[in-house]
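For reference, the structure discussed in these notes is given below.
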Amino acid sequence: MLKFGVIGSGWIAEEFIKGTQLVVGMEFSAMYSRTYEKGKAFSVKYADVPIFTDLNKFAKSDIDAVYIASPNSLHYSQSKLMLENGKHVLCEKPITNSPDEFVELSELAKSKNLIYTEAIMMLHLPAKNELKNALKKIGKISSAHFDFSQLSSKYPALKRGENPNIFNPEMKTGCLRDLGIYCFYPAVEYFGIPERVTATAGFVETGADGWGTAILDYADKQVTLTYSKLGQSYLGSQILGDEGTITIESISKLCNINIHYKDGSSEKIFGEIPKHELMSYEAKSFYNYIKNFDEFKEEYFENNSKILAVSKLMSEVKKQSQIK
């Protein structure tokens, strides 16, 4: 049995716990919260687990692993504390704020024979390989456009002059880290590291990036990434080949994927999956990396190399876009 604890009490942590209920061998065993009342209100929905309000005591508890879903600004320090105390770590995106931080903590994990990786769904979804196979059906690919533009539920608060966490630069948030990251992963997964990156961003009153664009140039194709928290897109993403075009309704969930062939016919590749089921795949991978390392170590190291590659790309985009 893998006993895991949770840091964070937002909706994403709830969906993760629901996902782990689909994974045999995972047991929600502890909860960290800044207040006991908030932690208890969260955990009682799933199990009567111990509630910790002291992070150091939580790190020294008898759990084997931890899922971190706290604000971005806390990811590095909390991950480091958990690793130093012998806990495997699955941390929400972005796993760290810089490539150097990720390398440092990866080395720490390796020195302690621990698993340390990012909770990014698309690396573990069955649709990932379905889409990879579909790419072979659309001929020579010349361009792709990956978009994640979603009107933030916190935008009204921003317009009222407030400073919600997601638009607060001190929390290391903003559109690139929150939504844009989901566009970089499929680019790296399917096309590799680009030869050149060009990026710009727009900023809201707080100084956080509210929208942005990155153009990735390859030897034989161009991939455009767009992301925004100030408007809602309904067009999705697409990959263009000379034999057909693949459309993807949600790039973060890899759902509702279709091929539209040049003769006018179409083919459905993948449909819709509930959020908690999507998260069960990353939970299952985390379990396998810990409990069945020899069998899954190649996948673990390959995924972590992609995590580092995306972190490096986003670091360059932040620099070019002047995201502080």
Side-chain angles (χ1 to χ4, degrees), residues 70-80 91-108 116-120 122-123 143-150 152 158 163-219 221-231 233 237 251-252 303-324:
S70 56
N72 295 353
S73 58
L74 300 175
H75 287 182
Y76 169 79
S77 61
Q78 291 180 345
S79 294
K80 186 174 183 178
C91 183
E92 265 303 329
K93 54 79 189 171
I95 190 167
T96 56
N97 195 50
S98 73
D100 290 344
E101 288 179 345
F102 178 67
V103 171
E104 176 195 339
L105 295 190
S106 294
E107 289 300 317
L108 174 60
Y116 170 61
T117 195
E118 187 174 45
I120 192 78
M122 73 93 44
L123 292 179
S143 63
H145 176 207
F146 298 139
D147 177 81
F148 195 172
S149 297
Q150 181 173 283
S152 174
L158 180 72
N163 190 11
N165 282 350
I166 198 62
F167 291 113
N168 185 349
E170 291 186 5
M171 303 302 289
K172 298 181 181 178
T173 52
C175 187
L176 173 65
R177 296 177 179 96
D178 189 45
L179 301 183
I181 187 171
Y182 288 109
C183 300
F184 283 88
Y185 271 100
V188 169
E189 176 69 32
Y190 299 119
F191 307 123
I193 308 302
E195 296 180 349
R196 184 173 64 254
V197 180
T198 308
T200 58
F203 298 87
V204 297
E205 294 82 352
T206 62
D209 56 309
W211 66 93
T213 300
I215 300 173
L216 312 184
D217 286 307
Y218 296 81
K221 65 179 65 68
Q222 188 176 77
V223 179
T224 304
L225 316 180
T226 54
Y227 30 92
S228 175
K229 293 188 69 64
L230 273 60
S233 174
S237 300
I251 199 63
S252 65
N303 281 342
N304 271 19
S305 70
K306 293 170 187 173
I307 292 167
L308 179 58
V310 168
S311 183
K312 288 180 177 179
L313 281 174
M314 289 181 57
S315 182
E316 175 62 22
V317 167
K318 283 187 283 186
K319 179 182 178 182
Q320 290 190 23
S321 303
Q322 300 183 43
I323 297 172
K324 305 299 183 184

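Under a 3.5 Å cut-off, the side chain of Thr173 and the backbone N or O of Asn168 do form a donor-acceptor pair. When atom types are taken as modelled, the side chain of Asp209 and the backbone of Leu176 share a donor-acceptor pair closer than 3.5 angstrom. Side chain of Ser228 to backbone of Leu230: a donor-acceptor contact under 3.5 angstrom is found. Here the side chain of Tyr218 pairs a donor or acceptor atom with the backbone of Gly192 at under 3.5 angstrom. Side-chain N or O atoms of Lys172 include none that pairs as donor or acceptor with a backbone N or O of Pro94 at under 3.5 Å. Checked by atom type and distance alone, the side chain of His75 pairs as donor or acceptor with a backbone atom of Glu92 at under 3.5 Å.
Aromatic ring orientation, Phe146 versus Phe191: parallel (interplanar angle below 30°, classes split at 30° and 60°).
Between Ser311 and Pro99, the shortest heavy-atom distance links the atoms OG-N, 3.2 Å. The nearest pair of heavy atoms linking Ser70 to Leu74 is OG-CB, 3.8 Å. The minimum heavy-atom distance linking Thr206 with Pro169 is given by the pair O-CG, 3.5 Å. Residues Ser73 and Glu170 approach most closely at CB-O, 3.8 Å, considering heavy atoms. Shortest non-hydrogen contact noted between Ile181 and Met314 is CG1-SD, 3.5 Å. Pairing each heavy atom of Lys318 with each of Asn97, the nearest pair is NZ-O, 2.7 Å.
In this structure, OG on Ser252 lies 9.0 Å from NZ on Lys93, to the nearest 0.5 angstrom. Taking CG of Asn303 as the start and CD of Glu118 as the end, the distance is 10.5 Å to the nearest 0.5 Å. Taken to the nearest 0.5 Å, the CG atom of Asp217 stands 8.0 Å off from the CD atom of Glu195. The OG atom of Ser143 lies 12.5 Å from the CG atom of Leu216; values are rounded to the nearest 0.5 Å. For the atom pair CD1 of Ile215 and CG of Leu225, the computed distance is 9.0 Å after rounding to the nearest 0.5 Å. The distance from atom CD of Gln320 to atom OG1 of Thr200, rounded to the nearest 0.5 Å, is 9.0 Å.
Side chains of Ile307 and Leu123 form a contact here, defined as non-hydrogen atoms less than 4.5 Å apart. Using a 4.5 Å heavy-atom threshold, the side chains of Pro194 and Leu313 count as touching.
Residue Glu104 places its CD atom among more than 12 non-hydrogen atoms of other residues, nucleotides or ligands, all under 6.0 Å distant. For Lys312, the NZ atom is loosely surrounded, since the number of other residues' heavy atoms within 6.0 Å does not exceed 12.
Side-chain contact of Thr117 with Asn304: a donor-acceptor pair under 3.5 Å is present, judged by distance alone. Between the side chains of Asp147 and Thr226, a donor-acceptor pair is found at a separation under 3.5 Å.
In this structure, Tyr116 has its ring center closer than 6.0 angstrom to the ring center of Phe102.
When each of Tyr227, Phe148, Phe203, Phe167 is tested with Cys175 by the rule side-chain contact (heavy atoms from CB on, under 4.5 Å), just one qualifies, namely Tyr227.
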